Amino acid sequence: MSGFARLFGKLEALPGLESLSDGIARALTPVTKQRALMDVLHGRWIGHAIHPALSDLPIGLWSGASLLDLCGDEQGATVMTAAGCASAVATAATGTADWSVTAGRDRRLALVHGLANSAVLGIQIGALVARVRGHRRLGQLLGAAGLGSSAAAAYVGGELVFGRGLMVDHGAFTAGPSKWTQVLADEELLDGKIQAVDVDGRKVLLARIDGTVSAIENACSHAGGPLCEGTVADGVVTCPWHGSRFRLSDGAVLGGPATFPQLQLQVRRRKGQIEIRGREST
């Protein structure tokens, strides 16, 4: 185990994180129940998570403030610091939304990430207040300290995305089968029903809606939840883990926290059997 892995293990095992997470989750319940708002915060409207993109803004703006300090432009540095604080609020809102659909060790480490960034924002607000009040040197020192702390917090965020795959497409590297493959007798799939079948060591979800058979990846694109264990209504399947909703006919995502659609596979009915094939490009 690498030194960084051990560090992350110690961070996520800090005493009180689990109970604090539970308390925050309960307090946020009235907000997280607002599906339309959560879809906006998760980034479904742009097709991928919005938090990682927004996180670049405050870091970039605060870096610009430190650069302007070196150039002697105090007014410009003050404006950049204020803009960084404003963008950090939006970043925190989207990050909190993504955090609300995590669990276990990932949720605890994500909470550390969020608390660290909250501390960074507090430092930068202190820098802004100092600058506005004319305490230039103090503002510069606080700004530099906040920028350095944000780098450490961002590293934890990188572990969550790149190391643990939070809010990424869990079907991105799924493709086959490359040839037509029999998976189920046609008569076994009833209209309005879904059924998971084994293909290439994974499960694919079959559905028959109004007589038309379709096939999508069974593992939810958000966190890998088993869609076959979810509920089906009006041609839409709801993931049992976090409530993401997908249209069975084409895998389109209709509700978050998922932002990526399910992989749709090709389907045909031949000689009493349902056959599937992977992406057309395979």
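Note that the structure is a prediction, hence the values are computed from the model and not measured. Atoms considered below: every heavy atom in the structure, side chains included; atoms not considered: hydrogens, waters and symmetry mates.
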For this session: Would you give the length of the straight line joining atom CD1 of Ile276 to atom CD1 of Ile216, rounded to the nearest 0.5 angstrom?
Result: 11.5 Å
Problem set entry | All ring pair (Phe, Tyr, Trp, His ring centres under 6.0 Å) counterparts of His51, not counting sequence neighbours | none
Problem set entry | From Cys239 atom SG to Asn218 atom CG, the distance as rounded to the nearest 0.5 Å | 9.0 Å
Problem set entry | Joint hydrophobic cluster, Leu7 plus Leu115, side-chain heavy atoms closer than 4.5 Å | yes
Exercise. Looking at Glu188 and Gln195, what are the two nearest heavy atoms and their distance?
Worked result: O-OE1, 3.8 Å
Exercise. Given side chains that start at C-beta, do those of Val199 and Pro177 come closer than 4.5 Å, heavy atoms only?
Worked result: yes
Exercise. When hydrophobic residues are tied together by side-chain contacts of less than 4.5 Å, even through go-betweens, does Val40 share a cluster with Val253?
Worked result: no
Problem set entry | Nearest heavy atoms of Trp99 and Ala25, plus distance in Å | CH2-N, 3.9 Å
For this session: Output the distance between atom OG (Ser214) and atom CD1 (Ile209), rounded to the nearest 0.5 Å.
Result: 6.5 Å
Problem set entry | Heavy-atom check, side chain of Trp180 versus side chain of Gln266, under 4.5 Å | yes
Exercise. If two hydrophobic side chains count as joined below 4.5 Å and joins carry through other members, does Leu189 share a cluster with Val197?
Worked result: yes
Exercise. Side chains of Leu248 and Leu205: does their closest heavy-atom pair fall under 4.5 Å?
Worked result: yes
Problem set entry | Pairing of Arg208 and Asp186 as salt bridge, 4.0 angstrom limit | yes
Exercise. Is there side-chain contact between Gln124 and Ser150, with heavy atoms separated by less than 4.5 Å?
Worked result: no
Problem set entry | Leu265 versus Gly278, closest heavy-atom pair with distance | CD2-CA, 4.1 Å
Exercise. How are the rings of Phe8 and Tyr155 set relative to one another: parallel (under 30°), tilted (30 to 60°) or perpendicular (over 60°)?
Worked result: parallel
For this session: Kindly work out whether a path of hydrophobic side-chain contacts (I/L/V/M/F/W/Y, heavy atoms less than 4.5 Å apart) joins Met38 to Leu28.
Result: no
Problem set entry | With sequence neighbours excluded, residues passing side-chain contact (heavy atoms from CB on, under 4.5 Å) with Leu37 | Val31, Gln34, Leu41
Problem set entry | Sidechain-backbone polar pair: Asp250 side chain, Ala252 backbone, donor-acceptor under 3.5 Å | yes
For this session: Say whether, by atom type as modelled, one donor and one acceptor occur between the side chain of His170 and the main chain of Gly165 under 3.5 angstrom.
Result: yes
Problem set entry | Derivation of the side chain to side chain contact (heavy atoms under 4.5 Å, CB included) call for His42 and Val101 | CA-CA 10 Å; His42 287 308; Val101 290; 4.0 Å; yes
Exercise. Is Thr181 reaching over with its side chain to a backbone N or O of Lys179, donor-acceptor style, under 3.5 angstrom?
Worked result: yes
Exercise. Would Arg245 and Asp39 pass as an ion pair if we require N to O under 4.0 Å?
Worked result: no
Exercise. Mind checking whether Val204 and Val183 have side chains closer than 4.5 Å, heavy atoms only?
Worked result: no
Exercise. Cluster question for you: counting only ILVMFWY and a side-chain heavy-atom cut-off of under 4.5 Å, with indirect links fine, are Trp62 and Leu68 together?
Worked result: no
Exercise. CG of Leu17 to CG of Asp22: how many Å apart, nearest 0.5 Å?
Worked result: 11.0 Å
For this session: Assess whether side chain to side chain contact (heavy atoms under 4.5 Å, CB included) is satisfied between Val232 and Lys193, documenting all intermediate values.
Result: CA-CA 8 Å; Val232 177; Lys193 300 297 183 179; over 6 Å; no
Exercise. How about Leu109 and Arg164: do any of their side-chain heavy atoms sit closer than 4.5 Å?
Worked result: yes
Problem set entry | Rounded distance [0.5 Å steps], CD in Gln273 versus CD in Glu187 | 9.0 Å
Exercise. Where is the tightest heavy-atom contact between Ile50 and Trp45, given as atom of each residue plus distance?
Worked result: CD1-CZ2, 3.4 Å
Exercise. Between Cys220 and Ser244, what is the shortest heavy-atom contact and its length?
Worked result: SG-CB, 4.2 Å
For this session: Apply side chain to side chain contact (heavy atoms under 4.5 Å, CB included) to Ser87 and Leu61, showing your working.
Result: CA-CA 9 Å; Ser87 64; Leu61 289 166; 3.8 Å; yes
Exercise. Going through the checks in order, is the side chain to side chain contact (heavy atoms under 4.5 Å, CB included) test met by Val267 and Ile274?
Worked result: CA-CA 7 Å; Val267 180; Ile274 296 175; 4.0 Å; yes
Exercise. Within the side chain of Thr91, is there an N or O that forms a donor-acceptor pair under 3.5 Å with the backbone of Leu54?
Worked result: yes
Exercise. To the nearest 0.5 Å, what is the distance between CG (Leu128) and OG1 (Thr81)?
Worked result: 6.5 Å
Exercise. Does any non-hydrogen side-chain atom of Pro257 lie less than 4.5 Å from one of Asp98?
Worked result: no
Problem set entry | Salt bridge Arg107-Glu18, side-chain N to carboxylate O under 4.0 Å | yes
Seminar exercise, completed: Looking only at heavy atoms, the pair that brings His113 and Ala153 closest together is ND1-O, 2.8 Å
Exercise. Mind checking whether Gln140 and Arg131 have side chains closer than 4.5 Å, heavy atoms only?
Worked result: yes
